[in-house]
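See below for the structure under consideration.
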Number of protein chains: 2
Amino acid sequence: MNTDAEGPHYHHGDLRNALLAAAEQLLVEQGVAGLSLRAVAKQAGVSHAAPYRHFRDKAALLRALAQSGFERLAAVILAATETVSHSPEQKLLEAGVAYVRLAVDQPEISQLMFGGGIKPQGDMAYRQVARAAFDALVEIIQEGVRTGAFRDRDPQELALVAWTAMHGMAMLMTAHLLDTDSTGAAGVDEQVRSVARNVIYGISK
Amino acid sequence: MNTDAEGPHYHHGDLRNALLAAAEQLLVEQGVAGLSLRAVAKQAGVSHAAPYRHFRDKAALLRALAQSGFERLAAVILAATETVSHSPEQKLLEAGVAYVRLAVDQPEISQLMFGGGIKPQGDMAYRQVARAAFDALVEIIQEGVRTGAFRDRDPQELALVAWTAMHGMAMLMTAHLLDTDSTGAAGVDEQVRSVARNVIYGISK
DNA sequence: ACCTGAACACCGTTCAAGT
DNA sequence: ACCTGAACACCGTTCAAGT
């Protein structure tokens, strides 16, 4: 909860999280290129060698940052998923909008997560989180198949179509390859809904 | 055509292209993190300051590299598109497979193109190339709408669904977030075909 | 145990100087 | 015009030394 990272109040109990918070701030402010380990250390009020007590190297810190990004993404998708009153179609639509919205809102973290700056590691914890999010998607599809709304095909196969379309949308938007200039902030959601509706139409009976 | 970049045969006529070739080689071998301007210059046999005669800064060189990647991608898609004997459905399928295959075959360049390491510039030449590839996609869809194979909807809207799904596929695969281990090299194509077939089904009447 | 400060081998970029 | 070599301010990483 302590948000002031300015004073030189070093060697407190939780330098690890302080470093992560500083790194995320610098990432958002300056992009992944401007994120140096030395700048993170300075921002956290410690010497440039201190981070090595908590992270093996810079890549480990970036991986931890990406990990928290994946957890946030999974949480947002699951939240959209667990709205009981919604139909499977509505759940898919909301999950898709939430997915793309989060990616567009924090493009630097998305690029860190998906841009290849991070190499898959032995633990691959973030792959498990991605898997959990995907499984939630599969469950929605299964529900739709049961109620007869969706085509009676392998739910994994149908879920993959929905996931790839939403992910592609998110990546194209963060890479500025989709004309969002004509639409603006609210237009992003409308573009996502258009694609999502077509995907849902495609997997419906 | 001159492929040996070892001897110190500097200040030839075309250092610019020699630098681009050296950069691409280093990019493929060492990834985007290992691509330093000094290493590129050494590889090309010139001093570390020489590249600045041909590129304003490192970002300009990376942009030129991404640009050639976009041109290759557009060429591959157009080639798949212009197979006259194919139906619109077949053209879409082949274009999608070609798109993802190229991205998976050269993940480092794909990450450079789409990973956010490149900021959109004043000229934005690569956006025009991306636009050309997208227009080719729209034309296939229009053909399918004319022949009555596809739903009578805005072709741009339908094309966006196809594009986002294929792009998402390519990005998830290069980020190692899709289980390609169980399938292998040939399995990539099969996974792409599965998604592409579902997308085509979704936009068909 | 945890952090510091110096040190090393690298960077990107600039600039006077050479041909 | 085109390239070099020195210089500057930065990096990531290591390590002896401090508390």
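Throughout, protein chains are lettered first and strands after them, A, B, ... in sequence-line order, and every chain is numbered starting at 1.
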Ion pair check, A/E24 and A/R72, cut-off under 4.0 Å: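 Here A/E24 pairs with A/R72 in a salt bridge, since their nearest N and O are under 4.0 Å apart.
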
Pair B/E157 + A/R193, salt bridge at N-O below 4.0 Å: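 No.
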
Between [options], which nucleotide gets closest to the side-chain atoms of [X]?
X	options	result
A/Y52	C/dT4, D/dT4, D/dT13	D/dT13
A/H48	D/dC3, C/dC2, C/dA7	C/dA7
A/R38	C/dG12, D/dG12, D/dG5	D/dG12
A/A49	D/dC15, D/dT4, C/dT13	D/dC15
A/L37	D/dC3, C/dT13, D/dG12	D/dG12

Rounded off to whole Å, could you give me the [atom1]-to-[atom2] distance for the [X] and [N] pair?
X	N	atom1	atom2	value
A/L15	C/dT4	CG	C1'	13 Å
B/F55	C/dT14	CZ	C1'	19 Å
B/L19	D/dC2	CG	P	13 Å
A/K42	C/dG5	NZ	C1'	15 Å
B/Q30	C/dC11	CD	C1'	14 Å
A/K58	C/dC11	NZ	C1'	11 Å

Residue met sooner reading DNA chain D from 5', once A/D57 and A/R53 are mapped to nucleotides: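 Per heavy-atom nearest nucleotide, the more 5' residue is A/D57.
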
Base-pairing assignment for D/dG12 (Watson-Crick or G-U wobble, both under 3.5 Å):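 Matched D/dG12 with C/dC8 under the 3.5 Å cut-off.
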
Watson-Crick/G-U partner (both atom distances under 3.5 Å) of D/dA1: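 By the stated definition (distances under 3.5 Å), C/dT19 pairs with D/dA1.
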
Under-4.0 Å side-chain N/O to phosphate OP1/OP2 contact, B/S47 with D/dC3: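 For D/dC3, OP1/OP2 do not have a side-chain N/O of B/S47 under 4.0 Å.
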
Any B/H54 side-chain N or O less than 4.0 Å from OP1/OP2 of D/dC2: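 Checking B/H54 against D/dC2: no side-chain N or O falls below 4.0 Å of OP1 or OP2.
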
Pair B/E29-B/Q25, side-chain donor/acceptor within less than 3.5 Å: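 A donor-acceptor contact under 3.5 Å links the two side chains.
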
A/E71 and A/Q67 side chains, donor-acceptor separation under 3.5 Å: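 There is such a pair between these side chains.
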
A/R151 charged N/C atom sitting above B/Y201 aromatic ring, 6.0 Å / 45°: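 Yes, A/R151 and B/Y201 form such a contact.
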
